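What follows is a single structure, written as C-alpha cells, with notes after it.
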Amino acid sequence: MSPFTSHMDIALDEARAAAARGEVPVGAVLVDPMGRVVARDGNRTRELSDPTAHAEVLVIRAACAAAGSERLPGHDLYVTLEPCPACAMVISAARIARLYYGAADPKSGGVVQGPRIFSHPQAHHVPEVYDGIRAEEAERLLKDFFAARR
C-alpha cells in the first residue's frame with residue numbers, strides 16, 4: 001500500500017467541472033489499493049436525465065466495470081459532499097474501504113446526517129469514514145452555485 005495522499009483536490013476539480021455543466025457541484029474520485037486514481041467524475045443527473053447519476057455512483061460504476069466486479073475492496077472514495085442515503089448504500093454494496101468527504105449535507109446527507117445508513121443492520125459493509133476534508137472549499141462551491149440560481 002502506498003503512503004496516504006489526499007485526492008480531494010481532484011474531487012474539487014470534478015465538482016467545478018460539474019458546476020460549469022450546470023450540475024450541482026459535487027465531484028468524486030475512486031482510488032485503488034495502490035493509490036492509483038481509477039475513476040473520477042462529477043454529478044451528471046441533468047446531462048444524463050438520470051436521478052442516480054451522482055458523482056459517487058458514476059465513479060463506482062466506472063471502477064466496477066473496469067475491474068469486472070461489483071465489489072471494490074481496498075478502494076478509497078473521495079467526494080466533496082456527504083453522500084446521500086442512496087449513494088451510501090451503493091458505497092456499502094461496493095465494499096468501499098474508506099470514504100473521505102468534504103462538506104456535511106444537513107438536508108440530504110445519509111452518513112452523519114439524516115438516516116445514517118452505515119449504522120443500520122442492512123448495511124452489510126461499513127467503510128471507515130473521514131469527514132470535513134476541505135469542507136470550506138466544497139461548501140463555497142455549493143453556496144456560490146445555488147446563490148447564482150436564486
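Quick caveat, the model's predicted, so the values are computed rather than measured.
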**Message:** Applying side chain to side chain contact (heavy atoms under 4.5 Å, CB included) to His75 and Val38, what does each step give before you reach the verdict?
**Reply:** CA-CA 9 Å; His75 285 63; Val38 293; 4.1 Å; yes
**Request:** Could you tell me which non-hydrogen atom of Ala39 sits nearest to which non-hydrogen atom of Val59, and how far apart they are?
**Result:** CB-O, 3.5 Å
**Request:** Compare every heavy atom of Pro73 with every heavy atom of Pro33, then report the nearest pair and how far apart it is.
**Result:** CG-O, 3.8 Å
**Asked** Does Leu141 belong to the same Ile/Leu/Val/Met/Phe/Trp/Tyr cluster as Val79, with side-chain heavy atoms less than 4.5 Å apart forming each link?
**Response** no
**Asked** Out of curiosity, does Ile10 fall in the hydrophobic cluster containing Leu58 (side-chain heavy atoms, cut-off under 4.5 Å, transitive links)?
**Response** no
**Message:** For a quick test of reading the model, state the closest non-hydrogen atom pair linking Gly22 to Phe145 and the distance between them.
**Reply:** O-CZ, 3.8 Å
**Asked** Should the pair Glu137-Arg134 be classified as a salt bridge under the 4.0 Å nitrogen-to-oxygen rule?
**Response** yes
**SB check Glu23 Arg46 (cutoff 4.0 Å)** = no
**Message:** Using 0.5 Å steps for rounding, measure from the CZ atom of Arg140 to the CG atom of Leu12.
**Reply:** 13.5 Å
**Request:** Might you point out which heavy atoms bring Gln113 and Asp105 nearest each other, and give the distance in Å?
**Result:** CG-O, 3.3 Å
**Prompt:** Transitively linked via ILVMFWY side-chain contacts under 4.5 Å: Val29 with Ile60?
**Reply:** no
**Request:** Identify the heavy atoms of Ile117 and Ala88 that sit nearest to each other, and give their distance.
**Result:** CB-CB, 3.7 Å
**Request:** Look only at the side chain of Ser92 and the backbone of His125, and say whether a donor-acceptor pair between them is shorter than 3.5 Å.
**Result:** yes
**Request:** Give a yes or no answer on whether the side chain of Glu82 reaches the backbone of Val112 with a donor-acceptor pair at less than 3.5 Å.
**Result:** yes
**Asked** Are side-chain heavy atoms of Leu30 and Val37 found at a separation under 4.5 Å?
**Response** no
**Prompt:** If you draw the axis of the six-membered ring of Tyr100, does the NZ or CZ of Arg98 fall within 45° of it and under 6.0 Å from the ring centre?
**Reply:** no
**Message:** Quick check against the 3.5 Å criterion: does Arg95 have a side-chain atom that pairs as donor or acceptor with the backbone of Ala93?
**Reply:** yes
**Item:** Close side-chain approach of Met8 to Thr80, heavy-atom, < 4.5 Å
**Value:** yes
**Asked** Taking side chain as C-beta onward, heavy atoms only, is Glu56 less than 4.5 Å from Leu99?
**Response** no
**Message:** Between Thr52 and Arg61, do the side chains contain a donor N or O and an acceptor N or O under 3.5 Å apart?
**Reply:** yes
**Message:** I want to check something: taking the side chain as every heavy atom from C-beta on, are Pro25 and Arg16 in contact at a cut-off of under 4.5 Å?
**Reply:** no
**Request:** Give a yes or no on whether Tyr130 and Tyr78 share a hydrophobic cluster (residues Ile, Leu, Val, Met, Phe, Trp, Tyr; joining criterion: side-chain heavy atoms under 4.5 Å apart).
**Result:** yes
**Request:** Decide yes or no for Glu139 and Leu142: does some side-chain heavy atom of the first lie under 4.5 Å from some side-chain heavy atom of the second?
**Result:** no
**Prompt:** When Tyr101 is tested against each of Leu77, Val129, Val26, Ile133 for side-chain contact (heavy atoms from CB on, under 4.5 Å), which residue passes?
**Reply:** Val129
**Message:** Within this structure, what is the CG-CD1 distance for the pair Asp76 and Ile96, rounded to the nearest 0.5 Å?
**Reply:** 8.5 Å
**Asked** If Ile, Leu, Val, Met, Phe, Trp and Tyr residues are connected whenever their side-chain heavy atoms lie under 4.5 Å apart, and connections chain through other members, are Leu81 and Val111 in the same group?
**Response** yes
**Message:** Checking the side chain of Thr45 only, and the main-chain atoms of Ala53 only, is there a donor and an acceptor separated by less than 3.5 Å?
**Reply:** no
**Asked** Would you say the side-chain atoms of His120 pair up with the backbone N or O of Pro115, donor to acceptor, closer than 3.5 Å?
**Response** yes
